[in-house]
Amino acid sequence: MSNHELAQMILNVIIQIPQGKVASYGQVAKYAGLPKHARLVGRVLGQLPEDHDIPWYRVVNSQGRISLKKLDEKGMCIQTAKLLAEDVVVIDGKINLKKYQWTP
DNA sequence: GATCAGGCTCTAA
DNA sequence: ATTAGAGCCTGAT
């Protein structure tokens, strides 16, 4: 299958994350039917097309932390801000997964 | 926390 | 086509 299809599947899962909840990369990968492709999820998000309704900021790593690379300080800021705007408490780039992890 | 190893895709040579 | 390096990860040491 093409990488684009792959991206579609992943995005399709991500857009189903309800407001006020977050999901981990591995979780998204799993629900997209890609058990071990957590890293690919991150990659796809990084290469996002311009025409997206993707709440990428609701996707964090398995430890409830924001995994953006050092270069993306701004992106990280935006992500925390967006989450905070949705009633998700983010403290120093960390989220309480107990409360906010998405469980379909 | 920090480190290691495992697992998987992408890009470039 | 094969090889090598790197990446917005994960689970265990």
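In what follows, every heavy atom counts, from backbone to side chain, and hydrogens, waters and symmetry copies are set aside. Naming convention: chains lettered A, B, ... in sequence-line order (proteins, then strands); numbering from 1 in each chain.
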Polar atoms only, N or O, under 3.5 Å: list the protein pairs with nucleotides 9-13 of chain C and their distances.
from: C:dC9; atom 1: OP1; to: A:Ser67; atom 2: OG; distance (Å): 3.2
from: C:dC9; atom 1: N4; to: A:Arg39; atom 2: NH2; distance (Å): 3.4
from: C:dT10; atom 1: OP1; to: A:Tyr25; atom 2: N; distance (Å): 3.4
from: C:dT10; atom 1: OP1; to: A:Gly26; atom 2: N; distance (Å): 2.7
from: C:dT10; atom 1: OP2; to: A:Ser62; atom 2: N; distance (Å): 2.6

Tell me the closest heavy-atom pair linking A:Ala32 and A:Met9, and the distance in Å.
O-CE, 3.0 Å
Closest heavy-atom contact between A:Ala29 and A:Ala38?
CB-N, 3.8 Å
Interatomic distance where [atom1] belongs to [X] and [atom2] belongs to [N] [whole Å]:
X       : N     : atom1 : atom2 : result
A:His52 : C:dC8 : NE2   : P     : 16 Å
A:Leu45 : C:dG7 : CG    : C1'   : 13 Å
A:Arg65 : B:dA2 : CZ    : C1'   : 10 Å
A:Leu48 : C:dC8 : CG    : P     : 13 Å
A:Lys36 : B:dA5 : NZ    : P     : 19 Å

To the nearest 0.5 angstrom, please state how far the [atom1] atom of [X] sits from the [atom2] atom of [Y].
X       : Y       : atom1 : atom2 : answer
A:Tyr25 : A:Arg43 : OH    : CZ    : 13.0 Å
A:Asn61 : A:Ile66 : CG    : CD1   : 9.0 Å
A:Tyr57 : A:Leu84 : OH    : CG    : 12.0 Å
A:Lys82 : A:Cys77 : NZ    : SG    : 13.0 Å

Show me the donor-acceptor pairs within less than 3.5 Å that the side chains of residues 11-19 of chain A make with the rest of the protein, sequence neighbours left out.
from: A:Gln16; atom 1: NE2; to: A:Asn12; atom 2: O; distance (Å): 2.8

Please tabulate the protein-to-nucleotide N/O contacts below 3.5 Å involving nucleotides 11-13 of chain B, giving atom names and distances.
none

Go ahead and write out DNA chain C as dot-bracket, 5' to 3': ( ) for pairs within the strand, [ ] for ones crossing earlier pairs, | when the partner sits on another strand, dots for unpaired; Watson-Crick or G-U wobble, both distances under 3.5 Å.
.||||||.|||||
Quick one: side-chain hydrogen bond (donor to acceptor under 3.5 Å, both in side chains) partners of A:Gln63, sequence neighbours excluded?
A:Arg65
Contact check, side chains of A:Leu6 and A:Leu40, non-hydrogen atoms, under 4.5 Å
yes
Checking the side chain of A:Gln101 only, and the main-chain atoms of A:Ser24 only, is there a donor and an acceptor separated by less than 3.5 Å?
no
Does A:His37 make a side-chain N or O approach to OP1 or OP2 of B:dC8 shorter than 4.0 Å?
no
Could you pull out every donor-acceptor pair under 3.5 Å between side chains of residues 86-99 of chain A and any protein atom, sequence neighbours left out?
from: A:Glu86; atom 1: OE1; to: A:Gly20; atom 2: N; distance (Å): 3.4
from: A:Glu86; atom 1: OE1; to: A:Arg58; atom 2: NE; distance (Å): 2.9
from: A:Glu86; atom 1: OE1; to: A:Arg58; atom 2: NH2; distance (Å): 3.4
from: A:Glu86; atom 1: OE2; to: A:Arg58; atom 2: NH2; distance (Å): 2.9
from: A:Asn96; atom 1: OD1; to: A:Lys98; atom 2: N; distance (Å): 2.9
from: A:Asn96; atom 1: OD1; to: A:Lys99; atom 2: N; distance (Å): 3.4

